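This report concerns only the one structure given below.
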Amino acid sequence: MSVMPEPALEHYLLVALLLFAIGVFGVLLRRNTLILMMCLELILAASIVALAAFSRFNATAEAPMMGGNVFVLFIIAIAAAEVAVGLAIIVTLWRRNQTLDVTELTSLKH
Amino acid sequence: MPTTEELQTIVAANNWTAVLPELLLGVLALALLMADAFWPRHRRVILRATMAAQGAVLAYAVVLFLRADPGVVHVYFAGSLVQTQATELMRIFFLASSLLVSHLGWVYLQNRSLPRTEFFHIVLVVTASLMLLVQAGNFVLFFVALETLTIGLFILVAFCRSSRFSLEAALKMLITGAFSSGLLLFGIVLLYGLAGNPLLPGTAEDPLNFAQLGAFLGATGAAGEVNAAQPLALIGAVLILVGVGFKIGAVPFQIWIPDVYQGAPTPVTALLAVASKAGGFFVLHVLLAGPLAPMWDTLFPALAVITALTLLFGNIAPLGQHNVKRLMGLSGVAHAGVLLLGLLAAHTVDWAFAAVLFYLCVYAIASFAVFEVMAHLSPEEDSDQDLTHYTGLMRRHPLLGGVLVIGVGSLAGIPPLAGFIAKALIFVAAFQAGLYALLVVALLGVVVSIYYYFGWMRAAVLREPLEEDPGDGRWYPQPVIAPVAKFVMVLLAVVTVVLGIYQAGLTEVVGLR
């Protein structure tokens, strides 16, 4: 029976990088506003994972690196506020236009 | 773990009176909502009282500025809050902008069936977060203040929620704003991870602190390896600069600007163009002169290219633009280019940052004069503000026309108005710093910018007013100007003219001697 090795910093960073890449490419390539919001949240999630991992693995007896862990809480609160406002805007826009496709938002052109 | 004594020193540094103006604004914002809920019938009185209270906070900030000693840096909250004379000046700047935006909001909302209390509330919150943003000495406060600002602006841009233009602008700003914040945050996290690495020389105990991060990036190991040359440091710094670049609208991160400026309600456009942009530039300077200073040599070529592109795009894109809100947005990109030039010069010329602050003040005064006129002339659908609405304005409304000509002339940098002196100071700084190629681009840009600004002035001054309604939406909205609005407009115009001739007052305030 093999023992699962303890995940190291690289593994967490790989996950964070993947989340970040999915988020960035999603924002750049997708057209549905709800999926765009999800991708924006993925970018923040990537930062959260990386912050927590750095705080855990960089901590020493002299420098416990609690700043990163505290920062994570702030980021979660900010992400929640952003989603609340974002969804409110998207819902209002949906009621008006009955579409969620960003390519159809072209009224602001001169 | 920190000992009890260490915790006591940390608590002793938590000087809450240092953030009294911000606290007062926060309390005022909450009190406004409560008062509106309890006495909805006295809304006008409550809103007037709010503006008066804001004026009192502004007076307090002026006192704080006058009492601040130049060159003295106060650090509170374990390095989270850094106060200098410049941050005290920015407090005054943001409070004055907030008062003017509230006034514009009053003018703008009185003919529309939109909630006013909430508008005032969010403007107060946004102002408090801007004031905290420029004082941030730590990435946690920096990011929280920046996001409070950005999310508040999302709501304000979407404020005309019955207008599809306003909503569309809000969605575009939501996506670009949140995206740029995400990039910025990831950059912060990468620098945090690198600077906290105990195996590298000069490991920072608190890598989120600006000063400690700067010390880490400037450290060199025993084998001569430089922390600033680490690839992770470079990626982190670039992501942070891209994030800030979005906020200040530097090319190629300016894509959101024309649409959002056009769709947002006019007072919010003014807030975006003046206060939010000024905050972005101040923060950019804090970052470049602080934590990212050891990487200057690596970052400079990229910044120089961005400055050149911003100057070129900002002056070419507004040519042939008929919508004045888009015109303000696109020409704002050109002003961002000049300010970037000033920031680049500030690395070698020590008075160049004072020139940037002077430019920001002059730009704010002239912009508010123009936006004030725009708010009075805005038609029912706010985003359709066309150059034709200004045809013959000088004859129809000499006051609005005169203020517009002075404001636009100052933005174009025509002597003897204040905008000319402000531009000249930045160009002299750039010359002293040896940025000759960029200076040539900037000077060419000024020549082009006079052309498109002149188109606006020509419509207002030289063209005859239309005699009757052509029925194609070109007919003028009829402005009703309250005495307060007249006073504000005349004041802004007079200050613009006076600063063009006699600068000693403001140059002393910003530290140019």
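Note that this is a predicted model, so its numbers are computed, not measured.
- Between A/Phe20 and B/Phe186, the ring planes lie parallel to each other; the angle is under 30°, not in the 30° to 60° tilted range.
- Contact detail for B/Phe154 and A/Val85: the closest heavy-atom pair is CB-CG1, 3.8 Å.
- Considering A/Asn97, A/Ile90, A/Leu93 as possible partners of B/Leu167, the one that fulfils the side-chain contact (heavy atoms from CB on, under 4.5 Å) test is A/Leu93.
- Of the atoms belonging to A/Val24, heavy atoms from both backbone and side chain fall under 4.5 Å from chain B.
- Here the CG atom belonging to A/Asn58 is positioned 9.0 Å from the CG atom belonging to B/Leu194, to the nearest 0.5 angstrom.
- Heavy atoms closer than 4.5 Å to chain A are found in both the backbone and the side chain of B/Ala178.
- When each of A/Ala77, A/Gly68, A/Ala63, A/Ala81 is scored by its heavy-atom pairs under 4.5 Å with chain B, the top score falls to A/Gly68.
- To the nearest 0.5 Å, the span separating CD1 on A/Ile43 from CZ on B/Phe179 amounts to 5.0 Å.
- Using a 4.5 Å cut-off between heavy atoms, B/Ala169 touches chain A through backbone and side chain atoms alike.
- Considering only heavy-atom pairs separated by less than 4.5 Å from chain B, the leading option among A/Met37, A/Met65, A/Arg95 is A/Met65.
- Using a 4.5 Å cut-off between heavy atoms, B/Leu208 touches chain A through its side chain atoms alone.
- In this structure, B/Gly182 and A/Leu44 approach most closely via the heavy-atom pair CA-CD2, 4.3 Å.
- Taking CZ of A/Arg96 as the reference point, atom OG of B/Ser166 lies at 10.0 Å (rounded to 0.5 Å).
- Legend: side-chain hydrogen bond (donor to acceptor under 3.5 Å, both in side chains) pairs involving residues 178-207 of chain B, not counting sequence neighbours, sorted by first then second residue: A/Ser55-B/Tyr192, B/Glu147-B/Ser181, B/Ser180-B/Lys247, B/Ser181-B/Lys247.
- Distance check: B/Leu174 CG to A/Thr33 OG1 gives 9.5 Å after rounding to the nearest 0.5 Å.
- Using a 4.5 Å cut-off between heavy atoms, B/Pro207 touches chain A through its side chain atoms alone.
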Open item on the list: Pair A/Phe71, B/Ile188 - check side chain to side chain contact (heavy atoms under 4.5 Å, CB included), show working.
Closed with: CA-CA 11 Å; A/Phe71 198 5; B/Ile188 294 173; 4.0 Å; yes
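- Taken from CG in A/Leu105 to CG in B/Leu171, the straight-line distance is 6.0 Å, to the nearest 0.5 Å.
- Among all heavy-atom pairs drawn from A/Ile89 and B/Ala170, the shortest one is CD1-CB, 3.9 Å.
- Proximity of B/Val144 to A/Ile75: side-chain heavy atoms (C-beta onward) are nowhere separated by under 4.5 Å.
- Contacts between A/Thr92 and chain B at a heavy-atom distance below 4.5 Å involve backbone atoms as well as side-chain atoms.
- Among all heavy-atom pairs drawn from A/Leu40 and B/Ile175, the shortest one is CD2-O, 4.0 Å.
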